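This report concerns only the one structure given below.
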Amino acid sequence: MPAPHPPADADPRVEALVHDLIGRVADKWTMLILEILEEKGELRFTELSRSIGTISQKMLTQTLRHMERDGLVIRTVHPVVPPKVEYRLTELGQSLGAAFCGVWIWAEQNLAAVETARETFDGPLPSGG
């Protein structure tokens, strides 16, 4: 079954958005943030950073800003000292996360086939000696 193509009369703005979002969401940080916020709900910046583990503060800030701009997360600043900032998924962010569940299902169904294809492509491993 061939991959679906956009209709010839597709709105170029929609096509641009799809390409932009795929590029952004395909990056591992956005995917991890979507997954963590879906699982844990609203989190403070430090809790989110701790949950991800290996992300720099700069990269987390940039990724969250992009996600907020795209309407995927809501940033709430509480007027306390020290400042308390929390992030949660919007309905739009939750729906994007749900859409990517299809990728997980595909991966589960095709894991063995992909591993076999990679082994065939890579050839036999050289023997150590």
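Small disclaimer: the values here were computed from a predicted structure and weren't measured.
Between Leu37 and Tyr87 the shortest heavy-atom distance is CD2-O, 3.6 Å. Residue Leu43 comes nearest to Ser51 through the heavy atom pair CD1-OG, 4.3 Å, listed as atom of the first residue, atom of the second, then distance. Listed here is the closest heavy atom pair of Gln94 and Leu89: CG-CB, 3.9 Å. Taking both residues in full, the closest heavy atoms of Leu92 and Asp70 are given as CD2-O, 3.5 Å, listed atom of the first, atom of the second, then distance.
Between the side chain of Ser49 and the backbone N or O of Phe45 there is no donor-acceptor pair closer than 3.5 Å.
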Exercise for the section: Go through Arg118 and Glu115 one step at a time and tell me if the side-chain contact (heavy atoms from CB on, under 4.5 Å) criterion holds. Expected result: CA-CA 5 Å; Arg118 287 177 176 176; Glu115 287 177 339; 5.8 Å; no
Handout entry: Residues Ile33, Met67; criterion side-chain contact (heavy atoms from CB on, under 4.5 Å); working and verdict
Key = CA-CA 9 Å; Ile33 292 168; Met67 293 176 75; 3.7 Å; yes
Exercise for the section: Determine, stepwise, if the pair Arg75 / Leu64 fulfils side-chain contact (heavy atoms from CB on, under 4.5 Å). Expected result: CA-CA 9 Å; Arg75 178 179 183 261; Leu64 286 167; over 6 Å; no
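Going from atom CD of Gln62 over to atom CD1 of Ile55 covers 9.0 Å, rounded to the nearest 0.5 Å. Atom OG1 of residue Thr76 and atom CD of residue Glu86 lie 6.5 Å apart, to the nearest 0.5 angstrom. For the atom pair CD (Glu47) and CZ (Arg50), the distance works out to 6.5 Å, reported to the nearest 0.5 Å. To the nearest 0.5 Å, atoms CG (Leu48) and CD1 (Ile36) are separated by 6.0 Å. Within the model, atoms CD of Glu91 and CD1 of Ile74 stand 9.0 Å from one another, a figure rounded to the nearest 0.5 Å.
In this structure, Lys84 has no side-chain hydrogen bond (donor to acceptor under 3.5 Å, both in side chains) partners at least two apart in sequence or on a different chain.
The residue from Leu60, Leu34, Thr54 that alone fulfils the side chain to side chain contact (heavy atoms under 4.5 Å, CB included) condition with Trp29 is Thr54.
Follow the hydrophobic side-chain contacts under 4.5 Å out from Val77 and you reach Leu72 in the same cluster.
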